[in-house]
**Q** 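Dumping the structure here so I can ask a few things about it.
Note: hydrogens, waters and symmetry copies are ignored here, and every other heavy atom, side chains too, is used.
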There are 2 protein chains.
Amino acid sequence: MMAGLREKKKEQTRRRISEAALRLFDERGYDAVTIAEVAEAAGVAKVTLLAYFSCKDSLVLDAVKEDLAAIVVGREEGRSPLDALREHYRRMASNGTGGMDVEELFTRIRVISSSPALLAGLQHAHASQRAELAAALASTLPGDGLVAQLMAAQISAAVTTLQEAFFHRLSTGVSLEEAGRLLGADVDLAFDLLQHGFSSPQGEKS
Amino acid sequence: MMAGLREKKKEQTRRRISEAALRLFDERGYDAVTIAEVAEAAGVAKVTLLAYFSCKDSLVLDAVKEDLAAIVVGREEGRSPLDALREHYRRMASNGTGGMDVEELFTRIRVISSSPALLAGLQHAHASQRAELAAALASTLPGDGLVAQLMAAQISAAVTTLQEAFFHRLSTGVSLEEAGRLLGADVDLAFDLLQHGFSSPQGEKS
DNA sequence: GCATAAACCGTACCGAGTACATTTTTGAAC
DNA sequence: GTTCAAAAATGTACTCGGTACGGTTTATGC
C-alpha cells in the first residue's frame with residue numbers, strides 16, 4: 001500500500017525531531033530547553049515541529065502512550081477485561097524491551113522521571129484514556145455506567161502507579177531485567193488488589 | 001489572633017478577584033476570558049491577581065479542593081482509612097451545601113463542567129494529592145509502600161469519578177437535593193467496589 | 001510620628017502555541 | 001520531461017499565561 005517516499009521522509013523528519021528533543025532534554029533538562037531550540041537542532045522550523053508534535057510534552061510522551069481500551073476490546077473470547085489487562089502487563093514485564101532501542105528507552109525514562117511536567121503529562125495521558133476504557137467496560141456490565149467509570153478510573157490509576165514504579169526503578173540504576181522481574185510481581189499485586197479489594201489478603205488491617 | 005485590617009483587605013481582594021473571574025467565565029466561557037480581563041474587572045493588576053491565584057485555573061478550582069490525606073490522618077481511633085473517607089463523603093452527600101452560597105456553587109460547577117481545561121485541572125488536583133494520601137496510608141500498612149500507592153491512586157481516582165458524576169448531574173438540571181441523594185448511593189457503590197474489588201457482587205461477570 | 005515590611009503596581013520580558021500568507025517539494029498524469 | 005495540484009515546510013507576526021524587577025503605597029508595631 002503505497003511505499004511512499006513522501007511517507008518515508010515524514011517518518012525520518014519525525015525521528016530527527018524526536019531524537020534531537022530527547023538528546024537536548026537529557027543534556028540540559030526538559031524545562032531549560034525551548035521548542036525553538038529543538039526545532040533548530042532538528043533542522044526544521046518551529047511551526048513544522050508543532051505540526052508533528054502537538055505540544056512540547058508529546059515530544060517525549062508520544063512514544064510511551066498505550067491504549068488500554070484496545071486491549072479490552074481485542075481480548076480473547078471468554079476472558080474478562082481485567083484478566084486481559086493483567087495478562088498484557090505480565091507479558092510486558094517478561095518481554096524485556098520487545099525490540100525497542102534500549103538506550104533510547106532509558107534516556108526517555110530518565111528524562112520523564114526527572115521532570116515534574118512530564119510526569120504530570122503522563123498522568124494526564126492515562127486519565128485521557130479513562131473515558132474510552134469506561135466505554136469499553138460499560139458494554140460488559142449492567143447498570144448506568146457508573147460502575148464502568150469507577151473501574152476504568154481505578155484501572156488507569158493502578159496502571160499509572162505501576163508505570164511510575166517501573167520508571168523509578170530504572171532511573172535509579174536497577175537493571176532492565178531486574179526491573180522487569182519486579183514489575184511482574186507488582187502487576188499481580190496491583191491486579192489482585194483491583195480484583196479483590198482492599199480487604200484481604202494484603203488489604204487494610206481493621 | 002490579630003483581627004488585622006490588613007488580613008481583612010486581603011480577604012476582600014481575594015473575593016473580588018474570585019467573583020469577577022467566576023462571573024466573566026460564566027458569561028463568556030473560560031477560554032475566551034484572559035486573566036488580564038479578570039484583573040481589570042476586579043480592579044487589580046495582573047501581577048496582583050497572580051499573587052493571589054497561582055494560575056488561571058486556580059481562580060475557579062481553589063474553592064473546591066479537598067485534602068484526602070487530612071481525612072485519613074484525622075480519622076477516629078480504630079476506624080479504617082477507607083471507612084473514614086466513605087463516612088466523609090456520605091456526610092457530604094447528605095449535608096447539602098453546608099452553608100455555602102448555593103448560587104455561586106452552581107455557577108462554579110457550571111463553569112467547570114463546560115471547560116475541558118478545568119476538568120483536566122480537577123483531575124490534576126486530585127492526582128497531586130495522591131502522594132500525600134499514599135504517605136498517610138503507608139503508615140497503616142506493611143510492605144514497601146506499593147500497596148499504599150496503589151490504594152491511594154485507586155481512591156483518588158474513585159473520588160474524582162464521584163465528583164464528576166455529581167457535577168455532571170448538577171450541570172444538567174438535577175436539583176441539589178436529588179443530586180445529593182444520588183451521590184449518597186454512588187458513594188457506597190464506589191467504596192464497596194474499592195473494598196471488595198471487581199468480583200462480587202456488582203463486579204464483572206466472568 | 002516613624003521605620004519596616006507587606007501589598008501593590010507598571011512594564012518589560014519569556015516561552016508555548018496559533019494564524020496566515022507564501023514557497024518548496026512531491027506524486028502522478030500527460 | 002513538462003505540468004499541475006496537493007501536501008509539506010517556512011517566516012512572520014500574534015495571543016496569552018506566567019515571571020522578573022524595581023518602584024510606590026499602606027498598614028502595623030514601636
**Q** Suppose we screen for side chain to side chain contact (heavy atoms under 4.5 Å, CB included). Which residues come up paired with A/Leu176, at least two apart in sequence or across chains?
**A** A/Thr97, A/Val102, A/Phe106, A/Phe166, A/Leu170
**Q** Grab the CD-P distance between B/Glu11 and C/dA6 for me, whole Å please.
**A** 18 Å
**Q** Return the residues of residues 17-35 of chain B meeting this criterion: a heavy atom under 4.0 Å from some atom of DNA chain C. Order them by number, or give none.
**A** none
**Q** Can you check whether A/Lys56 has a side-chain N or O nearer than 4.0 Å to OP1 or OP2 of C/dG15?
**A** no
**Q** Which of these nucleotides, C/dC8, D/dG11, D/dA8, is closest to any side-chain atom of A/Lys10?
**A** D/dA8
**Q** Take nucleotides 19-27 of chain D nucleotide by nucleotide from the 5' end and write B, S or -, depending on whether a protein heavy atom sits under 4.0 Å from the base, only from the sugar-phosphate, or from neither.
**A** BB------B
**Q** Using the test side chain to side chain contact (heavy atoms under 4.5 Å, CB included), find all partners of A/Glu27 that sit at least two apart in sequence or belong to another chain.
**A** A/Arg23, A/Leu24
**Q** Among residues two or more places apart or on two chains, list those pairs meeting ring pair (Phe, Tyr, Trp, His ring centres under 6.0 Å) that have a residue in residues 13-72 of chain A.
**A** A/Phe25-A/Tyr30
**Q** Taking OP1 and OP2 of C/dA7, is either one under 4.0 Å from a side-chain nitrogen or oxygen of B/Thr13?
**A** no
**Q** Specify the separation, in whole Å, of atom CZ of A/Arg16 and atom C1' of D/dA8.
**A** 13 Å
**Q** State plainly whether the residues A/Glu178 and A/Arg181 are in salt-bridge range, i.e. N to O under 4.0 Å.
**A** yes
**Q** Scan for ring pair (Phe, Tyr, Trp, His ring centres under 6.0 Å) pairs involving residues 119-152 of chain A, sequence neighbours excluded, and state none if there are none.
**A** none
**Q** Please report the distance, rounded to the nearest Å, between CG in B/Asp57 and P in D/dC16.
**A** 17 Å
**Q** Rounding to an integer number of Å, can you tell me how far A/Glu40 CD sits from D/dT10 P?
**A** 12 Å
**Q** May I have the distance from A/Lys8 (atom NZ) to D/dA8 (atom C1'), rounded to whole angstrom?
**A** 18 Å
**Q** Please identify each residue that fulfils side-chain hydrogen bond (donor to acceptor under 3.5 Å, both in side chains) with A/Glu19, with sequence neighbours left out.
**A** A/Arg15
**Q** Does D/dA9 have its OP1 or OP2 closer than 4.0 Å to a side-chain nitrogen or oxygen of A/Tyr52?
**A** yes
**Q** What's the CG-C1' distance between A/Leu49 and C/dG15, to the nearest Å?
**A** 13 Å
**Q** Salt bridge check, A/Lys8 against A/Glu11: does any charged N sit closer than 4.0 Å to a carboxylate O?
**A** no
**Q** For B/Glu164, enumerate each residue passing the side-chain hydrogen bond (donor to acceptor under 3.5 Å, both in side chains) test, keeping only those at least two apart in sequence or located in another chain.
**A** A/Arg130
**Q** Return all side-chain donor-acceptor pairs below 3.5 angstrom for residues 147-159 of chain A, not counting sequence neighbours, or 'none' if the list is empty.
**A**
residue: A/Ser156; atom: OG; partner: A/Ala152; partner atom: O; Å: 3.1
residue: A/Ser156; atom: OG; partner: A/Ala153; partner atom: O; Å: 3.4

